[in-house]
Each structure stands twice: as structure tokens, then as C-alpha cells.
Amino acid sequence: MNEWPKKMAANDYAKRWFVSRTKESVINDIKGGRLPGLQDGVQWFVWVNADHTPADGYRVPCIKIESRGAILAQKILARPSHLKVAR
């Protein structure tokens with residue numbers, strides 16, 4: 001089952017639609033909110049429809065991942081005052 005929109009590498013998007021456009025200019029448009037896209041690791045992608053046009057308005061829901069340190073800090077701060085470590 002093919003679900004759209006899909007990710008297209010910024011470099012491939014630049015080559016497909018523009019003669020003189022660079023990957024960097026596509027990345028700048030993603031960062032500036034002019035193209036729907038995201039960074040996955042070190043690679044940048046544009047969200048495209050089935051006809052390879054930009055999927056304007058499409059955004060992937062962000063998932064907030066807390067570090068173990070942040071979780072531990074929240075637990076310490078949530079302790080009742082009589083259990084807190086004196087300084």
C-alpha cells in the first residue's frame with residue numbers, strides 16, 4: 001500500500017525540478033518553511049505528493065524524546081520536600 005506524501009532527498013528534488021538549483025538552496029527553503037521537509041540524520045528530505053510536487057502544508061508530528069537526565073531531574077524535583085537532599 002503506497003501512502004503519500006513521501007520523502008524525496010533534497011538533492012533528487014533539486015535535480016528533478018530545476019536546472020541550476022542546488023541541494024543547499026532546497027535545504028535553505030526547508031529551513032525557511034518555504035518547502036515541506038525535514039532532516040533525518042545528516043540527510044535532508046522534501047515531502048512530495050505522488051506527482052513529485054511539494055506536499056504543501058504537510059508536517060510530520062514531532063515526538064518529544066526526553067533524555068534520561070531530564071527524566072531523573074523531574075523525579076528528583078517531584079520528591080516531597082522532606083526527602084530532598086540538604087545542601
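Only this structure's heavy atoms are used, side chains among them; waters, hydrogens and symmetry mates stay out.
Taking both residues in full, the closest heavy atoms of Leu38 and Ile30 are given as N-CG2, 3.9 Å, listed atom of the first, atom of the second, then distance. Contact between Ala55 and Pro36 at its shortest, heavy atoms only, is O-CG, 3.3 Å. Of all heavy-atom pairs spanning Ala10 and Lys23, the tightest one is CB-CG, 4.0 Å.
Here OH of Tyr13 is found 8.0 Å from OG1 of Thr53. Values are rounded to the nearest 0.5 Å. Going from atom CG of Asn11 over to atom CD of Glu24 covers 8.5 Å, rounded to the nearest 0.5 Å. Distance check: Gln39 CD to Phe45 CZ gives 10.0 Å after rounding to the nearest 0.5 Å.
Asn49 contributes no side-chain N or O that, together with a main-chain N or O of Asp51, makes up a donor-acceptor pair within less than 3.5 Å.
Counting only heavy atoms from C-beta outward, the side chains of Trp44 and Lys31 approach each other to under 4.5 Å.
More than 12 heavy-atom neighbours from other residues, nucleotides or ligands sit within 6.0 angstrom of NZ on Lys7.
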